[in-house]
Amino acid sequence: MRIATWNVNSIRSRIERVVAWLERTDVDVLAIQETKTREDQFPFFRFEELGYEVAHHGYNQWNGVAIASRVGLADVRAGFDGAPIWGEADGPEARHLAATCGGIRINSLYVPNGRHLLDPHMDYKIEWLRRLRDETADWLTAGPTMLMGDWNIAPRDEDVWSMEFYEDKSHVSPRERAAFQAILDAGYVDVVRPLLPGPKVYTYWDYQQLRFQKGRGMRIDFLLASPDVASRVTAAMIDREERKGKGASDHAPVVVEVAMDASVEVTSE
DNA sequence: ATGGTTGATCCTCAA
């Protein structure tokens with residue numbers, strides 16, 4: 001079973017690339033972030049005609065998460081208990097969607113961007129991660145689980161092109177790294193890093209300043225898995241080709257191959 | 001060429 005995560009930076013502007021990518025990569029489950037669209041504008045049919053079921057959670061032009069699967073899409077749930085609310089909003093932002101696909105509880109996550117070290121968004125980000133950690137610790141006991149998406153954190157110095165550049169910026173601060181580490185400490189395993197060690201292994205390159213062309217990226221998109229799933233991961237790939245050319249997202253898809261659990265019955269196709 | 005973004009929406013914000 002092939003499982004991937006991809007911050008597409010607008011599903012409506014990226015749909016042709018996403019469709020072409022699904023057709024050539026043979027991915028079974030794709031967790032999507034930054035759909036940047038309302039529910040009624042989401043291109044559901046483009047996934048369905050390829051044989052994928054798809055669930056989406058999004059309110060407006062910000063955030064938005066989705067899961068596409070051709071190995072079942074059951075028990076879809078948007079948002080986690082205790083997710084903090086930004087500002088005066090009625091409810092939490094659209095940053096989490098879960099569904100059970102091929103026997104694995106898939107969580108598509110778009111972690112808030114802290115913007116700057118002293119920005120209120122940073123406190124929001126840390127609190128969001130703390131509450132996520134509290135919930136995810138419980139999910140581990142429920143069965144095979146994966147947490148995947150755009151974490152907006154570079155956990156190690158080697159995960160950014162220049163620590164000198166980032167030392168006073170978001171993504172690398174001790175608070176953010178501790179919040180990420182707390183999720184690992186809860187029992188989740190980064191299933192990509194062991195197969196694709198750094199340095200200079202990135203998943204995101206800013207559109208500005210020709211960062212991709214200069215090899216100046218960040219590793220901020222991660223697939224974490226419960227130990228039972230982690231032990232079944234046989235391969236990993238960051239598809240840098242998708243960052244090339246006109247109309248690319250600023251993030252590349254990250255893909256893992258997970259050996260099928262013979263005890264699991266796939267519920268569709 | 002000594003620089004250099006993109007997307008959704010609105011007349012700017014977010015990343």
Side-chain angles (χ1 to χ4, degrees), chain A residues 5-21 31-44 46 56-66 83-89 92-96 108-129 148-155 159-162 165-173 175-176 179-180 202-222 238-254:
Chain A
T5 189
W6 191 4
N7 178 323
V8 298
N9 185 20
S10 169
I11 191 62
R12 285 178 289 157
S13 68
R14 211 72 60 210
I15 186 60
E16 299 306 332
R17 272 205 180 232
V18 171
V19 164
W21 187 78
I32 301 169
Q33 299 85 38
E34 277 211 90
T35 58
K36 288 185 165 179
T37 189
R38 298 192 310 260
E39 199 73 6
D40 62 291
Q41 299 172 307
F42 190 92
F44 290 100
R46 300 302 302 278
H56 173 249
H57 174 49
Y59 300 116
N60 52 31
Q61 73 270 41
W62 311 126
N63 316 310
V65 280
I85 293 169
W86 172 254
E88 305 301 313
E93 295 177 311
R95 295 182 176 276
H96 172 244
S108 180
L109 300 166
Y110 180 43
V111 176
N113 190 316
R115 302 192 183 188
H116 308 289
L117 297 183
L118 300 178
D119 192 297
H121 286 90
M122 183 60 75
D123 294 332
Y124 168 60
K125 175 182 191 174
I126 298 297
E127 178 66 5
W128 195 93
L129 286 162
M148 63 186 85
D150 176 359
W151 295 78
N152 272 316
I153 297 170
D159 296 335
V160 296
W161 62 274
S162 165
F165 179 82
Y166 281 103
E167 66 178 349
D168 60 346
K169 296 181 177 65
S170 171
H171 293 61
V172 302
S173 71
R175 288 178 81 199
E176 293 166 276
F180 184 81
Y202 307 129
T203 65
Y204 161 87
W205 299 259
D206 198 305
Y207 285 125
Q208 300 184 54
Q209 306 292 124
L210 295 177
R211 288 275 161 70
F212 182 69
Q213 292 82 343
K214 291 183 175 179
R216 295 178 172 180
M218 309 173 81
R219 193 205 289 250
I220 57 175
D221 299 87
F222 296 94
I238 297 167
D239 194 353
R240 290 181 70 262
E241 292 302 308
E242 265 308 315
R243 183 62 181 78
K244 296 180 181 176
K246 186 175 166 65
S249 169
D250 41 4
H251 294 253
V254 187

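Quick note on labels: first sequence line is chain A, next is B, and so on, each numbered from 1.
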- request: Would you mind telling me which residue lines up with the more 5' stretch of DNA chain B, Gln209(A) or Asn60(A), judged by nearest nucleotide?
  value: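 The answer here is Gln209(A).
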Distance check needed: [N] [atom2] versus [X] [atom1], whole Å only.
X         : N       : atom1 : atom2 : value
Gln61(A)  : dC10(B) : CD    : P     : 7 Å
Lys246(A) : dG7(B)  : NZ    : C1'   : 13 Å
Arg243(A) : dT5(B)  : CZ    : P     : 12 Å

What pairs of nitrogen or oxygen atoms, one from the protein and one from nucleotides 12-15 of chain B, lie under 3.5 Å apart?
from	atom 1	to	atom 2	distance (Å)
dA14(B)	OP2	Arg115(A)	NH1	3.1
dA14(B)	O5'	Arg115(A)	NH2	3.2
dA15(B)	OP2	Arg115(A)	NE	2.8
dA15(B)	OP2	Arg115(A)	NH2	3.0

If the [atom1] atom of [N] is compared with that of [M], how far apart are they to the nearest Å?
N       : M       : atom1 : value
dC11(B) : dG7(B)  : C1'   : 16 Å
dT9(B)  : dG3(B)  : P     : 35 Å
dC10(B) : dA14(B) : C1'   : 14 Å

Under the ring-ring contact (aromatic ring centres under 6.0 Å, His included) test, residues paired with [X] that sit two or more places apart:
X         : value
Phe180(A) : Trp151(A), Phe222(A)
His121(A) : Trp86(A)
Trp21(A)  : Trp6(A)

Any residue meeting salt bridge (Lys or Arg N to Asp or Glu O under 4.0 Å) with Glu167(A), in chain and number order, not counting sequence neighbours: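 Per chain and number, Glu167(A) pairs via salt bridge (Lys or Arg N to Asp or Glu O under 4.0 Å) with no residue.
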query: Tell me, which pairs form a salt bridge (Lys or Arg N to Asp or Glu O under 4.0 Å) where one or both residues lie in residues 111-125 of chain A, sequence neighbours left out?
result: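 Those involving residues 111-125 of chain A are Asp123(A)-Arg175(A), Lys125(A)-Glu176(A).
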query: Within the structure, does a side-chain N or O atom of Arg211(A) lie under 4.0 Å from either OP1 or OP2 of dG4(B)?
result: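 No, because none of the side-chain N or O atoms of Arg211(A) sits under 4.0 Å from OP1 or OP2 of dG4(B).
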- prompt: Can you find a side-chain donor-acceptor pair between Gln33(A) and Ser108(A) that sits under 3.5 Å?
  reply: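 A donor-acceptor contact under 3.5 Å links the two side chains.
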message: Once you apply a heavy-atom cut-off of 4.0 Å, does Arg14(A) come out as touching a base, just sugar-phosphate, or nothing?
response: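 Sugar-phosphate, no base atom in range.
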